[in-house]
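To keep things clear, I will list the structure first and then write my remarks on it.
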Amino acid sequence: MKHPAWFRDYARLEADAVEINFFSTLTFPGLLQTEEYARTTFLSRQPLLDAATIEQRVTARLARQETLTRWPSPMVSAVIDESVLGRSVGGYDVRNGQLKRLQHLARLRGPAEHWTWTGLGPGPGFDRS
């Protein structure tokens, strides 16, 4: 798969990783995204990408997800801010599909999702600078 030049080393390291950690406050991490969610994020990117580049990047992003189902699979931990759930990326159907994808991933051996809830105030990690 063809990734942008700035991302190729990361994708190679990710494919061989035994542990992958995410912290996200804006979107679902690419490794966890559905095809529709990924396409929507690329469609809204600035500067705009042409249709062929968008499809190439969506295909590459989805191919990376094979990492989650290989054996042995890496330990994946994703800390995702609650505000990501409320962000309407692509509309209701895209968001609903993304949430179903996360439910599916939660049943796999390895990946773990952790949510930071906005109403709880300071929690672990707030004392770091």
Side-chain angles (χ1 to χ4, degrees):
M1 293 294 114
K2 186 170 181 179
H3 294 286
W6 60 268
F7 191 75
R8 288 182 193 136
D9 286 340
Y10 179 87
R12 183 181 47 78
L13 292 169
E14 181 182 71
D16 296 332
V18 295
E19 184 174 341
I20 302 170
N21 298 294
F22 297 106
F23 179 83
S24 186
T25 60
L26 297 174
T27 63
F28 292 101
L31 197 63
L32 309 179
Q33 292 177 2
T34 63
E35 180 177 349
E36 296 79 14
Y37 191 95
R39 184 172 289 107
T40 300
T41 63
F42 288 125
L43 282 168
S44 63
R45 183 186 181 282
Q46 296 291 330
L48 297 174
L49 299 171
D50 61 73
T53 301
I54 289 171
E55 291 310 308
Q56 183 180 60
R57 292 197 181 171
V58 168
T59 300
R61 180 164 290 177
L62 296 177
R64 286 175 44 219
Q65 295 178 3
E66 293 174 13
T67 300
L68 298 174
T69 56
R70 73 168 195 238
W71 186 259
S73 62
M75 176 58 166
V76 178
S77 176
V79 177
I80 303 169
D81 192 78
E82 177 188 15
S83 64
V84 174
L85 291 172
R87 194 161 286 115
S88 184
V89 174
Y92 174 82
D93 290 337
V94 172
R95 184 172 48 186
N96 192 40
Q98 182 61 53
L99 293 175
K100 287 180 181 179
R101 168 81 175 145
L102 293 176
Q103 287 176 329
H104 168 76
L105 291 172
R107 289 189 291 270
L108 296 176
R109 287 180 88 183
E113 301 155 17
H114 307 279
W115 299 92
T116 58
W117 301 106
T118 56
L120 295 180
F126 274 74
D127 61 340
R128 315 277 192 284
S129 46

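These numbers come from a predicted model, not from an experiment.
Here Ser44 contributes atom OG and Phe42 contributes atom CZ; the two are 9.5 Å apart, rounded to the nearest 0.5 Å. Going from atom OG1 of Thr41 over to atom CD of Gln33 covers 4.5 Å, rounded to the nearest 0.5 Å. Rounding to the nearest 0.5 Å gives a distance of 4.5 Å between CD of Gln65 and CZ of Arg101. Taking CD of Gln56 as the reference point, atom CG of Asp50 lies at 9.0 Å (rounded to 0.5 Å). Taking CG of Leu31 as the start and CD of Glu66 as the end, the distance is 11.0 Å to the nearest 0.5 Å. One finds the CG atom of Leu102 at 5.0 Å from the CZ atom of Phe28 (value rounded to the nearest 0.5 Å).
Between Thr67 and Val76, every side-chain heavy-atom pair lies at or beyond the 4.5 Å cut-off. Taking 4.5 Å as the limit, every side-chain heavy atom of Val79 sits out of range of all side-chain heavy atoms of Asn21. Counting heavy atoms from C-beta outward, Pro72 and Val18 have side chains that stay 4.5 Å or more apart. Within the 4.5 Å cutoff, side-chain heavy atoms of Tyr37 are placed close to those of Thr27. Within the 4.5 Å cutoff, the side chain of Pro4 has heavy atoms near those of the Arg57 side chain.
In the hydrophobic clustering of this structure, Val89 does not group with Leu49; members are Ile, Leu, Val, Met, Phe, Trp, Tyr whose side-chain heavy atoms approach within less than 4.5 Å, directly or through other members. Follow the hydrophobic side-chain contacts under 4.5 Å out from Leu62 and you never reach Leu32; the two are in separate clusters. Hydrophobic clustering (ILVMFWY, side-chain heavy atoms < 4.5 Å, transitive): Leu26 and Leu99 are in distinct clusters. Both Leu68 and Tyr10 are part of a single hydrophobic cluster, where members link through side-chain heavy atoms under 4.5 Å apart. Side-chain heavy atoms closer than 4.5 Å link hydrophobic residues (I, L, V, M, F, W, Y) into clusters, and following such links, possibly through other members, connects Ile20 to Leu105.
When all heavy atoms of Val58 and Ala38 are compared, the closest pair comes out as CG2-C, 4.2 Å. For the pair Thr34 and Gly97, the tightest heavy-atom approach, listed with the atom from each and the gap, is CG2-O, 3.5 Å. Between Pro74 and Ala17 the shortest heavy-atom distance is CB-O, 3.4 Å. Closest non-hydrogen pair, Ile54 versus Leu43, comes out as CD1-CD2, 3.5 Å.
Side chain of Arg64 to main chain of Ala15: no donor-acceptor pair is present (N/O by atom type, distance under 3.5 Å, no hydrogens or angles). Looking only at distances, a side-chain donor or acceptor of Arg95 sits under 3.5 Å from a matching main-chain atom of Gly86. Of the possible donor and acceptor atoms, none in the side chain of Gln98 sits under 3.5 Å from a partner among the backbone N and O of Glu36. Formation of a donor-acceptor pair under 3.5 Å by the Arg45 side chain with backbone atoms of Pro47 is found in this model. Thr59 places a side-chain N or O within 3.5 Å of a backbone atom of Glu55 that can act as its donor or acceptor partner.
The existence of a salt bridge linking Arg61 and Glu35 is excluded, since no basic side-chain nitrogen approaches an acidic carboxylate oxygen closer than 4.0 Å.
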